[in-house]
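To keep things clear, I will list the structure first and then write my remarks on it.
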Amino acid sequence: MIAVYPGSFDPVTLGHVDIIGRAAKITNKLVVAVLKNSSKSPMFNVQERVETLREVCLGIRNVEIAAFDGLLVEYARSIGANAIIRGLRAVTDFEYEFQMALSNRMLDDNIETLFISTNAQYSYISSSVVKEIARLGGDFSQMVPKAAHIKLLQKMGSM
Ligand code: PNS
């Protein structure tokens with residue numbers, strides 16, 4: 001199975017890394033796909049987000065990092081993926097995720113959305129909370145992989 005794991009990854013968190021590791025185990029190839037033009041204005045540009053993910057996923061053989069734009073199902077089709085992976089942290093994620101999954105199914109019935117639950121220890125982590133803590137000078141080192149921690153500290157220093 002070729003799967004795509006899409007997201008903003010602004011920045012990648014330990015929750016994302018956990019999902020990538022779990023998804024990589026059950027897929028032949030996993031493409032972690034970073035959304036280029038999100039309506040949210042990202043802290044990191046797409047190149048920075050792709051680079052950080054590449055560093056973080058270096059040791060995982062069947063994982064590739066890419067950027068995408070436009071409709072996710074079209075991107076999935078273009079790379080021959082027949083599954084979309086999304087992580088679920090808690091029931092609060094469900095409504096939005098279910099809406100996206102059904103919309104994507106309406107767009108392409110051949111691409112299946114698979115949900116993987118995040119390890120409980122990461123269930124409270126989100127990229128938005130990480131950014132808020134970073135902006136306010138708090139310690140977020142237990143929420144992100146080392147590469148993202150360094151990049152966030154650099155970004156804070158240059159702001
Ligand atoms: O990490 P995020 O921000 O929760 O990821 C959201 C993402 C990138 C999966 C979603 O916004 C997306 O798929 N965008 C591409 C546009 C698209 O296909 N929209 C229709 C399906 S809802």
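Excluded from the calculations below are hydrogen atoms, water molecules and symmetry mates; all remaining heavy atoms, backbone and side chain alike, are included. Start at 1 and go down the list; that is how both ligands and their atoms are numbered.
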Does any pair with a residue in residues 98-131 pass ring-ring contact (aromatic ring centres under 6.0 Å, His included), and if so which ones, sequence neighbours excluded?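 Found F94-F98.
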Checking the side chain of N62 only, and the main-chain atoms of T27 only, is there a donor and an acceptor separated by less than 3.5 Å?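 The answer is yes, because a donor-acceptor pair under 3.5 Å joins these two groups.
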Structural part of N104 in contact with ligand 1, heavy atom criterion under 4.0 angstrom: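 For N104, the contact with ligand 1 is made by the side chain alone.
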Counting each atom of ligand 1 from 1 as listed, which ones have a heavy atom of L72 under 4.0 Å away?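 In order of number, 13 (O), 17 (C), 18 (O).
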Can you list the ligand 1 atoms lying under 4.0 Å from a non-hydrogen atom of M100?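 So the atoms of ligand 1 that pass are 10 (C), 22 (S).
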Should we say atom CD of Q121 is surrounded by more than 12 heavy atoms from elsewhere, each under 6.0 Å from it?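 Buried by this count: over 12 neighbours within 6.0 Å.
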Nearest option to atom 8 (C) of ligand 1, as decided by whichever heavy atom of D93, V34, L71, L35 sits closest: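 Among D93, V34, L71, L35, the closest heavy atom to atom 8 (C) of ligand 1 belongs to L35.
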Which of the listed options, P6, A33, G70, holds the heavy atom that is closest to atom 16 (C) of ligand 1?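 Comparing heavy atoms across P6, A33, G70, the nearest one to atom 16 (C) of ligand 1 lies in G70.
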Among the heavy atoms of R86, does any lie under 4.0 Å from an atom of ligand 1?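 So R86 counts as touching ligand 1.
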For D108, which residues count as a salt bridge (charged side-chain N to carboxylate O under 4.0 Å, His left out) partner, sequence neighbours excluded?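 Salt bridge (charged side-chain N to carboxylate O under 4.0 Å, His left out) list for D108, sorted by chain: R77.
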Taking every non-hydrogen atom, the tightest pair across Y75 and A67: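 So the minimum-distance heavy-atom pair works out to CE1-O, 4.3 Å.
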